Structure formats: C-alpha cells, structure tokens
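To start, the structure under review is shown below, and the notes come after it.
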There are 2 protein chains.
Amino acid sequence: MVYRRSLLMEERLANNRDRILAATRKLVAEGGFREAQIAAVAALTGVSTGMIYRYFSSKAELFVEVLGAAVGAEIEILTEIAQGSGSASERLSAAVTCFVRRALKGPNLAYAFVFEPVDPEVDTARLRYRKKFGNVFKAILVDGIEKGDLPDQDPEASAACIVGAFTEALVGPIGPTTRNMHDRERLVESIQTFCLRAVGGAAKQEGAAEPTSAPALSSDPD
Amino acid sequence: MVYRRSLLMEERLANNRDRILAATRKLVAEGGFREAQIAAVAALTGVSTGMIYRYFSSKAELFVEVLGAAVGAEIEILTEIAQGSGSASERLSAAVTCFVRRALKGPNLAYAFVFEPVDPEVDTARLRYRKKFGNVFKAILVDGIEKGDLPDQDPEASAACIVGAFTEALVGPIGPTTRNMHDRERLVESIQTFCLRAVGGAAKQEGAAEPTSAPALSSDPD
DNA sequence: CAAAAAAGTGAATACAAATTCAAAAATTGA
DNA sequence: TCAATTTTTGAATTTGTATTCACTTTTTTG
C-alpha cells in the first residue's frame with residue numbers, strides 16, 4: 001500500500017467531525033432540529049451530504065450526539081452545584097436557578113433539547129437525559145432528607161416533579177418571545193420558590209453558589 | 001337538482017365522522033399518533049383513505065380534533081373540581097389527584113397527548129391545551145391567594161410548574177410499564193403532596209371532591 | 001326506472017427528506 | 001510523477017406516507 005493516513009489527515013478528519021457537530025448545534029439553536037436537515041448541516045459545514053454519513057451512521061445518531069454533548073455540559077454544572085457545600089435547600093435553589101437562567105439565555109436550543117419533537121430514537125435519548133437531570137436533584141433530596149433538612153418524601157417522584165416544573169414553566173418564555181431581564185429574573189425566582197417550597201425546604205437564600213462556568217445552552221460555545 | 005341530502009344521510013355522514021374520530025382515538029391509544037396513519041385509520045373505520053379527506057382536510061386537522069376532544073373532556077372535569085367548594089388547597093389536591101389517576105388509567109393515550117411528537121400543527125395545539133390545563137390551576141391559585149389561603153406568588157408561573165410537575169412525574173410510569181395499583185397510588189400521593197406544598201397550601205385532605213364522570217383518557221369511551 | 005348529484009373508492013401521484021454509491025478529487029509514499 | 005488508496009462528492013435512489021382524482025357506487029327525487 002502506498003497510502004497511510006498521515007497525522008495531518010487524522011487531524012482533519014477529527015476536525016471535520018467537530019465541524020459537523022458544531023454546524024448541527026448551530027442549526028438546532030437557530031431553528032430547532034426541524035431545520036437541521038442533513039442537507040443543511042452539510043451546507044453549513046461546507047461538505048457534501050455524503051460526508052455526514054462517513055462520520056455518523058444516521059441523522060438520529062448525529063442528533064443524539066449533539067443532544068448528549070449539550071446536556072452533558074449542563075449536567076456537569078448542576079452536579080457541581082449539587083455536590084457543593086451548603087444545605088440541601090441552598091443547593092437545590094442554586095441548581096434550579098442556574099438551570100433556568102441558562103435555559104433562558106439560549107431559548108431555542110433549550111426548547112429543542114427539552115421539548116422539540118424529533119424522531120423516536122432521539123426522543124428516547126432525551127428521556128434518558130431528563131432522567132439524568134432528575135438524578136442530580138434526587139441526590140440533593142436524598143441528602144436533605146437524610147440530614148433532616150427536608151421532610152420525608154419520595155425523592156424519585158419529587159425530583160421528576162422538579163424537572164417537570166421548571167421545564168414546563170420555561171416552555172412559554174422559551175419560545176420566540178424575548179422577555180426582558182426583569183421578567184426573566186422574576187420567573188427564575190418564582191420557579192425557584194415553587195420548587196423549594198414543594199420539597200419542604202427552608203425559605204430561599206439569595207446569592208448562593210452558582211459557578212459561572214462556560215455557557216452551553218447558548219448557540220455559540222465560545 | 002334531483003338529489004338533496006336526506007336526514008338519514010345526514011346522520012350517516014355525522015356517524016362516519018364520529019367513527020373516524022373514534023378509530024383515530026383508538027389507534028392513538030394503542031400505538032400513539034405514530035400508528036394512526038391515514039391508511040390505518042381508514043382501515044379501522046372500514047372506509048377508504050379518500051373518505052378521511054372528505055371529513056378532515058388533513059391528517060393534522062384530524063389529530064388536532066382528536067386531541068382537542070380528549071383534552072376538552074379532561075379540562076371539563078378539572079374545571080368542575082376547580083369551581084367546587086372547599087379551600088384552594090383542597091381543590092388543588094383533588095384536581096391534581098384526579099388528573100394523575102386518570103392519566104395512569106390510560107397511559108398510552110396520556111403519553112400521546114402530553115408528549116408524543118407529531119407535527120408542528122398538532123404540537124402547537126398541544127401547547128395551547130397545556131396552557132389551558134395551567135389556567136384551571138391558575139384559577140384555583142388566584143382564588144387561594146386572594147382569600148389568604150395560599151401565600152402570595154406568581155399564579156401563572158406556579159400553575160405552569162404544577163402542570164409540568166405531574167406531567168413529568170408521569171412520563172416514566174406512563175410508558176409501557178404497567179405498575180401495580182399500590183405503586184400508582186403512592187405516586188399519586190407523592191405528586192399531590194409535592195404540588196400542594198409547592199404552592200404553600202395546607203397539608204392534604206384525603207378523600208375530597210373528585211367526581212367520577214366519564215373516563216376520557218382511556219381508550220374506550222364507553 | 002332514470003337522470004342528477006353526492007358519497008365513496010383505492011391505485012396512482014406527490015413529496016420531502018434520508019440515504020446510497022459510482023465516479024471524481026485528493027492524498028500518500030515510492 | 002505515478003499507482004494505490006482514501007476521501008469527498010452530489011445526483012440518483014429509496015422510503016414511507018399523505019394526498020389526490022378519475023372512476024364506481026349509492027342515494028335521491030321526478
């Protein structure tokens with residue numbers, strides 16, 4: 001053989017993959033999964049449609065990976081908060097606030113990731129991810145209940161409720177509507193209070209934790 | 001003209017329409033919107049595909065109508081509870097419990113109506129309906145806040161949170177999983193407690209209201 | 001019954017997008 | 001530069017349904 005993948009080529013391939021992912025992510029952020037057709041992704045990436053299939057075996061796989069990356073980043077941030085110091089109530093407040101704020105910053109992407117209908121395969125993945133979000137909250141709850149910080153309750157159910165609560169409260173605002181900052185913060189607070197009270201936590205504690213790590217639910221990952 | 005629609009024919013037409021709706025509903029209940037293709041609906045109804053288009057201008061319209069009917073029935077039941085006597089807390093508990101129980105009875109249909117991805121037109125309708133559910137709860141909250149029964153809060157946001165909470169908590173159980181009665185009732189209670197506490201309501205009051213009207217979130221509307 | 005009109009049929013068509021694949025371009029090492 | 005090999009291309013194919021429409025059947029009334 002006279003051809004063996006050079007290092008340079010190796011790099012380019014990896015680079016291509018990343019560019020495809022980035023393009024998909026951007027399209028999803030702008031117009032939801034709906035707008036991220038293979039042809040569009042290819043065009044934005046600057047390659048042919050066939051190329052996409054060299055890197056991803058199907059559109060669903062591509063989507064799942066994009067979804068997974070974005071969600072993974074969020075989970076990481078939340079997990080950090082969940083494992084931080086402070087009472088369960090404080091951590092819960094911080095986590096909810098953090099998630100909601102970030103979602104409001106990248107509304108389209110958040111909508112796509114949380115709600116937008118795609119195909120079954122992607123939806124299955126989404127369900128898994130939602131569950132993951134739930135687990136972060138569940139951990140906080142379990143800890144709080146154990147320490148007597150929170151009243152006894154089914155942490156599984158409560159965690160699901162929490163995820164559902166802020167998620168649904170976001171659907172409206174998350175749409176094309178561009179709310180102003182004031183409204184947003186008000187919403188953040190409403191949701192936070194709701195969730196905290198829901199699990200029987202102590203009254204809120206403003207200005208807790210909340211690391212300001214890299215944005216992930218906004219279109220440009222700079 | 002030598003032909004004018006007789007009363008009998010009029011009836012048959014209306015009957016056909018209903019049968020199409022019923023067939024669609026049944027298919028959705030069994031396999032989600034996914035399984036309710038025009039061909040399948042036609043077959044189950046016992047008519048040709050072309051017939052469907054005599055009664056509904058598109059599949060989306062058919063779906064929206066099915067969705068609307070089912071949701072409308074639920075809304076009616078909830079509204080009755082919301083307008084009933086009793087404290088806001090009691091009515092809220094009753095409404096949540098009622099919805100969750102009914103959803104658990106017809107899991108597939110509930111899933112389809114609450115979550116299953118279809119097409120944009122249907123999804124838009126679904127959003128509207130979700131909002132409607134929210135409004136029922138909002139009414140209870142506003143009333144409760146006014147009467148000093150519940151602490152001050154943004155009823156809009158809280159209502160959305162409530163809908164999101166029980167909805168999300170249902171997703172898991174709503175799947176193919178067939179939980180037993182005990183688990184179910186436990187879930188119902190967890191959700192109810194969560195929601196009630198979330199809005200700052202008084203501790204629950206077992207066995208309140210809950211009219212046992214006709215089932216609607218179960219496949220057969222007998 | 002016969003003609004007029006509507007209801008009903010279902011094979012053919014339209015369609016939108018994902019996926020493939022034969023050919024073209026690019027890369028590599030001698 | 002050349003031959004071997006891989007990467008890339010994008011038009012053609014596939015796929016799965018929704019939708020249409022020319023035709024058949026039924027209904028109605030004179």
Side-chain angles (χ1 to χ4, degrees), chain A residues 1-21 23-24 27-28 31-66 112 116-123, chain B residues 1-21 23-24 27-28 31-67 116-123:
Chain A
M1 43 156 162
V2 204
Y3 181 106
R4 190 196 305 187
R5 226 181 243 175
S6 71
L7 216 67
L8 198 72
M9 180 51 88
E10 198 87 55
E11 244 170 59
R12 193 192 317 171
L13 292 188
N15 186 30
N16 277 349
R17 196 168 199 283
D18 288 347
R19 279 170 48 229
I20 292 171
L21 285 169
T24 308
L27 284 171
V28 171
F33 285 107
R34 165 167 308 283
E35 296 297 317
Q37 299 124 327
I38 293 294
V41 170
L44 184 56
T45 309
V47 299
S48 66
T49 61
M51 267 293 275
I52 308 295
Y53 289 90
R54 170 170 295 279
Y55 296 93
F56 302 90
S57 68
S58 73
K59 194 175 80 146
E61 192 189 297
L62 170 61
F63 281 1
V64 168
E65 192 155 332
V66 167
E116 193 194 352
V118 204
D119 63 291
E121 202 175 325
V122 179
D123 288 329
Chain B
M1 42 158 162
V2 203
Y3 180 106
R4 190 195 306 186
R5 231 183 238 172
S6 71
L7 215 67
L8 199 73
M9 181 50 87
E10 200 88 56
E11 243 171 61
R12 192 193 316 173
L13 292 189
N15 185 31
N16 277 348
R17 196 168 200 283
D18 288 347
R19 277 169 50 228
I20 292 172
L21 285 169
T24 308
L27 285 171
V28 171
F33 285 108
R34 165 168 309 283
E35 296 297 316
Q37 299 124 328
I38 293 294
V41 170
L44 184 56
T45 309
V47 299
S48 65
T49 61
M51 267 293 276
I52 308 293
Y53 288 90
R54 172 171 295 280
Y55 296 91
F56 302 89
S57 68
S58 72
K59 194 175 81 147
E61 192 188 297
L62 170 61
F63 281 2
V64 168
E65 191 153 334
V66 168
L67 185 62
E116 193 194 351
V118 204
D119 63 292
E121 202 174 326
V122 178
D123 289 328

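The shown structure was predicted, so the numbers you read here are calculated from the model rather than taken from an experiment. Note on naming: letters A, B, ... go to the chains in the order of the sequence lines (proteins, then strands), and numbering restarts at 1 for each one.
- Contact annotation: Asn16(A) does not reach the phosphate of dT7(D) (side-chain N/O to OP1 or OP2, under 4.0 Å).
- Distances were taken from every side-chain heavy atom of Leu13(A) (C-beta onward) to each of dT17(D), dT19(C), dT7(D); the shortest belongs to dT7(D).
- Pairs of residues two or more places apart, or lying in two chains, that qualify as salt bridge (charged side-chain N to carboxylate O under 4.0 Å, His left out) and include a residue from residues 6-18 of chain A are Arg5(A)-Glu10(A), Arg17(A)-Glu65(A).
- For the pair Glu11(B) CD and dT27(D) P, the computed distance is 14 Å after rounding to whole Å.
- Of the two residues contacting DNA chain D, namely Ser58(B) and Arg12(B), the nearest-nucleotide position lying further toward the 5' end is that of Ser58(B).
- Nearest heavy-atom pair across Thr45(B) and Ala23(B) is OG1-CB, 3.3 Å.
- One can place CD1 of Ile38(A) at 14 Å from P of dT9(D), the figure rounded to the nearest angstrom.
- Annotation: proximity of residues 40-54 of chain B to DNA chain D (heavy atom, distance under 4.0 Å) is found for Thr49(B), Tyr53(B), numbered in ascending order.
- The nearest whole Å value for the distance from the CD1 atom in Ile20(B) to the P atom in dA7(C) is 13 Å.
- At a threshold of 4.0 angstrom between heavy atoms, the contacts of Phe56(B) with the nucleic acid are absent.
- The side chain of Met9(B) has dT28(D) as its nearest neighbour among dT19(D), dT28(D), dT27(C).
- Distance CG (Leu8(A)) to P (dT27(C)): 9 Å, rounded to an integer number of Å.
- Side-chain contact between Leu21(A) and Leu62(A) is present, with heavy atoms from C-beta onward closer than 4.5 Å.
- In this structure the side chain of Arg19(A) reaches within 4.5 angstrom of the side chain of Asn16(A), judged on heavy atoms.
- The nearest pair of heavy atoms linking Val28(A) to Ala36(A) is CG2-CB, 4.0 Å.
- Glu121(B) and Ala60(B) make their closest contact through OE1-CB, 3.5 Å (heavy atoms, listed as atom of the first residue, atom of the second, distance).
- At the phosphate of dA17(C), neither OP1 nor OP2 sits under 4.0 Å from any side-chain N or O atom of Arg34(A).
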